[in-house]
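Here the structure is laid out as structure tokens; the discussion comes afterwards.
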Number of protein chains: 2
Amino acid sequence: MEQTSSGDARHDPRGRRRAGNDIKAALRDLRIQLALLNHQVGGKLALKDVDLDCLDVLARSGPLTPSTLARQAGLHPATLTGILDRLERGGWITRDRARGDRRSISIRVLPDRGVEVFRLYQPMISAMDDLLDGYSEEELDVIAGFLRRSTEAGRTSTEKLAGQDS
Amino acid sequence: MEQTSSGDARHDPRGRRRAGNDIKAALRDLRIQLALLNHQVGGKLALKDVDLDCLDVLARSGPLTPSTLARQAGLHPATLTGILDRLERGGWITRDRARGDRRSISIRVLPDRGVEVFRLYQPMISAMDDLLDGYSEEELDVIAGFLRRSTEAGRTSTEKLAGQDS
DNA sequence: CTCATATAGTACGGAAATCATAATATATGG
DNA sequence: CCATATATTATGATTTCCGTACTATATGAG
């Protein structure tokens with residue numbers, strides 16, 4: 001749907017290229033800035049960056065087992081045990097024995113402290129809402145599509161790197 | 001253009017709201033995925049996540065002093081010393097005494113190992129190029145603008161959090 | 001069923017990273 | 001020249017990371 005006629009006379013390859021490079025650079029900046037925001041939020045909650053990352057994945061992808069989470073977060077299983085210990089001690093998660101396979105554990109985010117997190121992200125959420133108000137619904141759809149595709153590009157690229165040993 | 005049941009034909013509040021929430025969720029996913037990609041890249045280069053972050057900032061924002069970099073990366077000055085030691089040992093950066101103020105140090109990224117990094121990011125760069133080919137120049141400008149504004153939103157939100165002590 | 005093997009999660013311990021504090025070197029203003 | 005402020009690094013206590021080994025459970029073969 002965002003395919004437009006190419007090879008047109010009005011089409012300036014140099015302009016497209018510049019715009020593309022702008023986007024890639026902007027994505028780099030955005031990644032760093034969001035990492036920094038999370039670092040601040042984590043600091044307020046006495047959580048390491050990686051702890052907050054795990055919490056984010058858990059909150060988003062529902063209950064997970066340690067092995068699944070470790071794989072998704074690119075962490076050593078033993079490292080994850082330490083992270084889960086911290087999160088459990090802080091009252092962020094619970095570890096329950098799974099019903100089917102009794103070796104495995106189901107990690108669940110506790111809702112209790114959700115408000116704290118939300119309050120800390122509130123400035124960013126408000127700023128984003130203000131920002132998004134300036135776009136038409138069509139533009140919003142373009143942006144959402146771009147973000148989803150970029151995430152997918154990131155996923156396949158990450159897997160490609162993880163697959164090869166050098 | 002489709003009419004909506006509630007009021008304004010041009011602006012459907014429900015559709016906009018959904019699109020906005022989609023974007024915020026997509027941004028969360030994208031952040032995690034890019035962090036994961038960097039984790040993989042860092043792993044190949046024997047660099048911690050935070051080391052690669054610092055390198056990225058340095059490569060992007062030119063030579064910096066340790067104090068400036070520490071502030072920009074949200075790190076304790078002493079922590080940064082350790083990071084710089086690792087980066088220097090690995091041949092990623094040099095520390096030169098600044099000309100003006102002889103207390104301060106100028107950290108510069110060495111170009112030598114840039115190729116390695118580029119090669120590792122190549123899958124992502126190619127995927128992004130393919131992805132961007134599907135957009136018109138106008139759409140690219142919309143996306144670039146959105147990314148820049150989001151980064152700015154992240155910056156002000158981060159500063160807001162850093163400013164208050166609770 | 002019994003045994004071998006595989007898998008999930010964690011305990012343990014050495015190596016490394018983090019960060020508060022102190023120390024050093026230089027700058028700046030009176 | 002002196003007092004104070006600032007940039008960076010050294011030191012050391014604490015925490016984190018992660019390779020290895022261990023326990024518990026699952027699965028498959030005979």
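So you know, we letter chains A, B, ... as the sequences are listed, proteins then strands, and number each from 1.
Of the two residues near DNA chain C, A/Thr68 and B/Gly82, the one whose nearest nucleotide lies more 5' is A/Thr68.
Whole-Å rounding puts the B/Ile83 CD1 to D/dT16 C1' distance at 14 Å. Atom CD1 of A/Ile105 and atom P of C/dT7 are 19 Å apart (whole Å). Rounded to an integer number of Å, the gap from B/Ile107 CD1 to D/dT8 C1' is 10 Å. Residue B/Asp49 contributes atom CG, which lies 10 Å from atom P of C/dT18 at whole-angstrom precision. In this structure, the CZ atom of B/Arg95 is 16 Å from the P atom of D/dA7, given to the nearest Å. The separation between A/Leu75 atom CG and D/dG19 atom C1' is 15 Å, rounded to whole Å. Going from atom CG of A/Leu80 over to atom P of D/dC18 covers 11 Å, rounded to whole Å. Regarding A/Asp96, its CG atom lies at a distance of 12 Å from the P atom of C/dT10, rounded to whole Å.
Between A/Ile125 and B/Lys24 there is a side-chain heavy-atom pair separated by less than 4.5 Å. Considering only heavy atoms from C-beta on, B/Ile105 stays 4.5 Å or farther from B/Asp96 through its side chain.
Closest approach to the A/Leu84 side chain among C/dT10, C/dA17, D/dA7 is made by C/dT10 (side chain taken as heavy atoms from C-beta onward).
With the end axes of the helix from C/dC1-D/dG30 to C/dG30-D/dC1 each set by five pairs, the angle from one to the other reads 20° at 10° resolution.
Within 4.0 Å (heavy atoms only), A/Thr81 reaches at least one base atom of the nucleic acid.
For the pair B/Glu139 (side chain) and B/Ser136 (backbone), a donor-acceptor distance under 3.5 Å is present. A donor-acceptor contact shorter than 3.5 Å is absent between the side chain of A/Lys44 and the backbone of A/Leu120.
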Scan nucleotides 26-30 of chain C against the protein and return all N/O pairs shorter than 3.5 Å with their distances rounded to 0.1 Å.
from: C/dA27; atom 1: OP1; to: B/Arg102; atom 2: N; distance (Å): 3.0

Set out, line by line, the N/O atom pairs under 3.5 Å between protein and nucleotides 20-23 of chain C.
from: C/dA20; atom 1: OP2; to: B/His76; atom 2: NE2; distance (Å): 2.9

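Contact check on A/Asp53 versus A/Lys48 returns no salt bridge, with no Lys/Arg side-chain nitrogen under 4.0 Å from an Asp/Glu carboxylate oxygen. A salt bridge is defined here as a Lys NZ or Arg NE, NH1 or NH2 lying under 4.0 Å from an Asp or Glu carboxylate O, and A/Glu116 with A/Arg113 meets this definition. One finds no salt bridge joining A/Arg148 and B/Asp29 here, because no Lys/Arg side-chain nitrogen approaches an Asp/Glu carboxylate oxygen to under 4.0 Å. Note on B/Asp22 versus B/Arg18: salt bridge recorded, some NZ/NE/NH1/NH2 to OD/OE distance being below 4.0 Å.
Residue A/Met128 comes nearest to B/Ala153 through the heavy atom pair SD-CB, 4.4 Å, listed as atom of the first residue, atom of the second, then distance.
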Evaluation steps, side chain to side chain contact (heavy atoms under 4.5 Å, CB included), between B/Glu138 and B/Val142:
CA-CA 6 Å; B/Glu138 289 73 23; B/Val142 169; 5.7 Å; no
Evaluate A/Asp129 against B/Arg16 for salt bridge (Lys or Arg N to Asp or Glu O under 4.0 Å), listing each step before the verdict.
CA-CA 11 Å; A/Asp129 284 336; B/Arg16 290 184 55 79; over 6 Å; no
What verdict does the side chain to side chain contact (heavy atoms under 4.5 Å, CB included) test give for B/Val57 and B/Leu64, after you've listed the backbone C-alpha separation in whole Å, the side-chain angles of each residue and the deciding distance to 0.1 Å?
CA-CA 9 Å; B/Val57 172; B/Leu64 293 173; 4.0 Å; yes
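Look at A/Arg86 and you'll find a side-chain N or O under 4.0 angstrom from OP1 or OP2 of D/dC17.
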